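Both ligands and their constituent atoms are indexed starting at 1 by order of listing. Source: prediction; values computed, not measured.
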Amino acid sequence: MVTQRTFSILKPDATRRNLTGKINAKFEENGLRIVAQKRIRMTKEQAEQFYAVHKQRPFYQDLVKFMISGPVVVQVLEGDDAVAANRKIMGATNPANAEPGTIRKEFAESMEANSVHGSDSLENAKTEIAFFFKDDEIVG
Ligand code: ATP
Ligand code: MG
């Protein structure tokens, strides 16, 4: 086991329903530590750049619109194998396929409004963390 940091977002559907505490409890109960966190409203430019890998996908414009439709909470999570651990805690992208007990199974509204984002690799985690946080905003 190796200690890693991963990047997480509590999406607008989660902040709208006042679920930030319940979702954070899932991270903490499953061994991840929130070492940085801020509530922001993403700009259109930030959302477009953040999801640029999906630019060619049919859901891209809707996704950008959704991500700026309300506040989000951006976070850095730390723990053993944090990237994979967080993906497991989140559950499958489509809540209909998510395992019982996962965040998306319990809280997601739809494939798009699926409550959380989590980095899918250590490399992307580093890029995504640097996109939203300065080094001195992360306190391990
Ligand atoms: P995330 O990147 O948000 O952690 P993910 O890695 O499970 O989720 P991706 O394939 O990277 O899923 O898609 C990014 C996001 O785009 C999803 O979380 C979801 O909000 C949205 N999305 C993905 N596929 C679809 C789809 N077919 N229809 C609508 N929205 C989608
Ligand atoms: Mg992804």
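- Less than 4.0 angstrom separates some heavy atom of Tyr51 from each of these atoms of ligand 1: 3 (O), 14 (C).
- In this structure, atom 3 (O) of ligand 1 lies nearest to the protein heavy atom Lys11 NZ, 3.0 Å.
- Nearest to atom 6 (O) of ligand 1 by heavy-atom distance, out of Arg87, His54, His117, is Arg87.
- Heavy atoms of other residues, nucleotides or ligands lying less than 6.0 angstrom from NZ of Lys88 number 12 at most.
- Of all atoms in ligand 1, numbered sequentially from 1 with element shown, those under 4.0 Å from a heavy atom of Met90 are 4 (O).
- When side chains are defined from C-beta on, Ile9 counts as touching Val74, because their heavy atoms get closer than 4.5 Å.
- By the 4.0 Å N-to-carboxylate-O rule, Glu109 lies close enough to Arg17 to be salt-bridged with it.
- The Gly118 neighbourhood of ligand 1 comprises atoms 4 (O), with distances under 4.0 Å to a heavy atom of that residue.
- Among Leu63, Val53, Val64, Ile9, the residue whose heavy atom sits closest to atom 21 (C) of ligand 1 is Leu63.
- Glu137 and Phe132 make their closest contact through OE1-O, 4.0 Å (heavy atoms, listed as atom of the first residue, atom of the second, distance).
- Counting only heavy atoms from C-beta outward, the side chains of Gln75 and Asn24 approach each other to under 4.5 Å.
- For atom 7 (O) of ligand 1, the closest non-hydrogen atom of the protein is Thr93 OG1, 2.4 Å.
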Report task. Determine, stepwise, if the pair Phe50 / Phe7 fulfils ring-ring contact (aromatic ring centres under 6.0 Å, His included). Result -> CA-CA 12 Å; Phe50 186 77; Phe7 177 72; 5.8 Å; yes
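- With respect to atom 27 (N) of ligand 1, the closest heavy atom belonging to the protein is Met111 CE, 3.5 Å.
- Ligand 1 lies less than 4.0 angstrom from a heavy atom belonging to Arg104.
- Close contacts of ligand 1 with Asn114, meaning ligand atoms under 4.0 Å from a residue heavy atom, involve 17 (C), 18 (O), 19 (C), 20 (O).
- Contact annotation: the side chain of Lys105 never approaches that of Glu99 to less than 4.5 Å [non-hydrogen atoms, C-beta and beyond].
- In terms of protein heavy-atom proximity, atom 23 (C) of ligand 1 is nearest to Phe59 CZ, 3.5 Å.
- With hydrogens and angles ignored, the 3.5 Å screen pairs no side-chain donor or acceptor of Arg5 with any backbone N or O of Ile138.
- No part of Phe66 comes within 4.0 Å of ligand 1, judged by heavy-atom distances.
- Inter-residue side-chain proximity for Val2 and Asp80 is flagged as unmet; no heavy-atom pair is nearer than 4.5 Å.
- When hydrogens are left out, the protein atom nearest atom 20 (O) of ligand 1 is Glu112 O, 2.9 Å; that is the closest non-hydrogen contact.
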